[in-house]
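The model shown is predicted, which means the values in this text are computed figures rather than measured ones.
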Amino acid sequence: MKQGIIYLICYALPVPVILLSLFIGSTGQADVGTALELAYKNAVASPLSSVEQESWVMIKNIICNVRLPRVLMTFLVGAALSVSGSVLQGIFRNPLVDSYVLGISSGAAFGAALAMTFTLIPVSVAAFAGGILAVVLAYLIARSGSGASIITIVLSGMVISGMFAAGLAIVQYISNPYKLQAIVQWTMGNLHAASWEELKRIYIPVILGLVIVFIYRWRLNILSLGDDAAKATGVNPGPDKWILIGCATLLTAITVASVGIISFYGLFLPHIVRMMLGADNRKAIPASIFLGGTFLLVIDNFSRSLFAFEIPVGIFTMLLGGPFFIYLMRKNKLNWH
């Protein structure tokens with residue numbers, strides 16, 4: 001019974017949350033009651049008056065061209081960050097790991113800041129290139145004659161992350177006040193610029209990364225046991241490990257390039273899923289996709305409706321993630337197996 005309720009929460013909850021999110025916002029012109037009343041009148045009741053017709057056109061525009069692309073993009077971003085965190089925590093066998101371990105977020109932020117300051121190439125392209133560069137540098141630094149161990153990759157990623165963070169600070173220091181404001185807002189993680197054009201740029205790589213991770217989810221169980229245990233079962237961990245790391249890099253870099261840095265989300269959401277369903281990635285990865293997208297939608301709904309002005313969603317995830325992670329550590333609930 002309890003397991004059934006958990007599965008219902010993970011897989012059925014996204015539908016009502018997505019529908020409800022279409023009617024949540026700072027404006028009162030597209031609330032549920034008004035939209036349903038005008039939709040009913042337009043479909044089966046008396047013809048709309050000129051004022052009602054104008055309101056109906058405005059409501060359709062708000063829902064279809066403003067909120068719907070934002071809702072879909074938020075869901076994809078949440079799913080991507082959640083799955084990316086699950087993959088990295090499984091491969092590195094460390095519950096404290098997220099995209100910052102390989103410096104992906106810092107590299108993407110540095111690339112985007114450069115593009116915002118010097119406007120040489122598009123921001124999304126620069127951010128994606130920065131994220132890829134970070135993970136490649138981390139691997140090259142960690143690599144030795146016998147390969148690259150997990151520990152050396154983690155340490156290299158921390159160093160690369162610090163270096164890119166320092167580079168970001170330098171770019172902010174030399175930027176003019178107008179560009180500095182845009183960079184600072186972007187580093188907080190913000191979904192206000194979501195549009196159909198932006199959604200078209202990210203949905204193919206995000207869905208591709210999610211599908212590959214879903215296919216490899218059972219191998220992630222083996223990789224989380226360590227290289228020796230994986231080899232004992234007849235699995236060569238090298239190729240599988242780098243395919244999954246590549247997917248995690250793609251998912252993180254493409255989302256950071258589009259919406260900025262959403263801190264802690266890829267760190268604490270996988271723990272919520274494992275607390276609900278356990279450490280079996282055959283169950284945890286699909287749940288991370290649906291629950292990750294749904295939970296970020298809920299957070300974004302608060303960020304754009306709690307006040308008359310919009311608060312960057314990255315601030316909410318930081319406020320939620322920090323205390324939640326401290327709570328888990330204090331209660332000793334970070335059991336990996």
*Which is it for Leu220 and Ile91 under the side-chain contact (heavy atoms from CB on, under 4.5 Å) test, yes or no, and what are the steps along the way?*
CA-CA 7 Å; Leu220 187 57; Ile91 290 178; 3.7 Å; yes
_Test side-chain contact (heavy atoms from CB on, under 4.5 Å) on Leu199 and Leu76; report intermediate values, then the result._
CA-CA 9 Å; Leu199 184 63; Leu76 285 179; 3.8 Å; yes
*Take Phe290 and Val15 through the side-chain contact (heavy atoms from CB on, under 4.5 Å) test and state the conclusion after the steps.*
CA-CA 10 Å; Phe290 290 96; Val15 175; over 6 Å; no
_Ile63 vs Phe23, side-chain contact (heavy atoms from CB on, under 4.5 Å): CA-CA, chis, key distance, verdict_ = CA-CA 7 Å; Ile63 293 177; Phe23 301 97; 3.6 Å; yes
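Contact detail for Ile289 and Ala79: the closest heavy-atom pair is O-CB, 3.3 Å. Taking each heavy atom of Ala80 and Leu210 in turn, the nearest pair found is CA-CD2, 4.2 Å. Pairing each heavy atom of Ile254 with each of Phe128, the nearest pair is N-CD1, 4.2 Å. Here the closest non-hydrogen pair linking Val87 and Ala248 is CG1-CB, 4.1 Å. Residue Gln89 comes nearest to Gly266 through the heavy atom pair NE2-O, 3.6 Å, listed as atom of the first residue, atom of the second, then distance. Residue Ser195 comes nearest to Pro69 through the heavy atom pair C-CB, 3.7 Å, listed as atom of the first residue, atom of the second, then distance.
Ser99 and Ser84 share no side-chain donor-acceptor pair at under 3.5 Å. Looking only at atom types and distance, the side chain of Asp300 has a donor-acceptor partner in the side chain of Ser303 under 3.5 Å away.
Atoms CE and CZ, from Met73 and Arg201 in turn, are 8.0 Å apart once rounded to the nearest 0.5 Å. Here Thr294 contributes atom OG1 and Ile18 contributes atom CD1; the two are 6.5 Å apart, rounded to the nearest 0.5 Å. Rounding to the nearest 0.5 Å gives a distance of 6.0 Å between OG of Ser305 and CD1 of Ile24. With rounding to the nearest 0.5 angstrom, the CZ atom of Arg274 is 11.0 Å from the CG atom of Leu277. A distance of 5.0 Å separates CG in Leu291 from SG in Cys10, rounded to the nearest 0.5 Å. For the atom pair CE (Met163) and OG (Ser106), the distance works out to 11.5 Å, reported to the nearest 0.5 Å.
Hydrophobic clustering of Ile, Leu, Val, Met, Phe, Trp and Tyr side chains at less than 4.5 Å, counting indirect connections, unites Ile311 with Val298. Cluster annotation: Leu223 and Phe214 are assigned to distinct hydrophobic clusters (Ile/Leu/Val/Met/Phe/Trp/Tyr, side-chain heavy-atom contacts under 4.5 Å, transitive). Transitive grouping of hydrophobic side chains (ILVMFWY, heavy atoms separated by less than 4.5 Å) brings Val77 and Ile272 into a common cluster. In the hydrophobic clustering of this structure, Leu191 groups with Phe302; members are Ile, Leu, Val, Met, Phe, Trp, Tyr whose side-chain heavy atoms approach within less than 4.5 Å, directly or through other members. In terms of hydrophobic clustering, with Ile, Leu, Val, Met, Phe, Trp and Tyr side chains grouped at heavy-atom distances under 4.5 Å, Ile315 and Leu267 are assigned to a common cluster.
Proximity of Leu22 to Leu68: side-chain heavy atoms (C-beta onward) are separated by under 4.5 Å at one or more points. Arg217 places none of its side-chain heavy atoms less than 4.5 Å from the side chain of Lys283. Taking the side chain as every heavy atom from C-beta outward, Thr255 and Ile262 never approach each other to under 4.5 Å. The shortest distance between side-chain heavy atoms of Leu81 and Leu251 does not fall below 4.5 Å. Under the 4.5 Å side-chain criterion, counting only non-hydrogen atoms from C-beta, Glu310 is in contact with Asn190. Residues Lys231 and Pro237 are in side-chain contact: their nearest non-hydrogen atoms beyond the backbone lie under 4.5 Å apart. Looking only at side-chain heavy atoms (C-beta outward), Leu20 and Leu297 stay at 4.5 Å or farther from each other. Side-chain atoms of Ser105 and Thr252, non-hydrogen and from C-beta on, do get closer than 4.5 Å to each other.
For the pair Tyr265 (side chain) and Gly85 (backbone), a donor-acceptor distance under 3.5 Å is absent. A side-chain donor-acceptor contact under 3.5 Å links Thr249 to the backbone of Ile245. Here the side chain of Ser82 pairs no donor or acceptor atom with the backbone of Gly78 at under 3.5 angstrom. Between the side chain of Asn221 and the main chain of Asn281, a donor-acceptor pair closer than 3.5 Å is present.
Of the charged side-chain nitrogens involved, none lies within less than 4.0 Å of a carboxylate oxygen, so that Lys200 and Glu197 do not count as a salt-bridged pair.
Counting heavy atoms of neighbouring residues, nucleotides and ligands inside a 6.0 Å radius, atom CE of Met276 exceeds 12 of them.
Ring orientation note: the planes of Phe110 and Phe164 are tilted relative to one another, at an angle of 30° to 60°.
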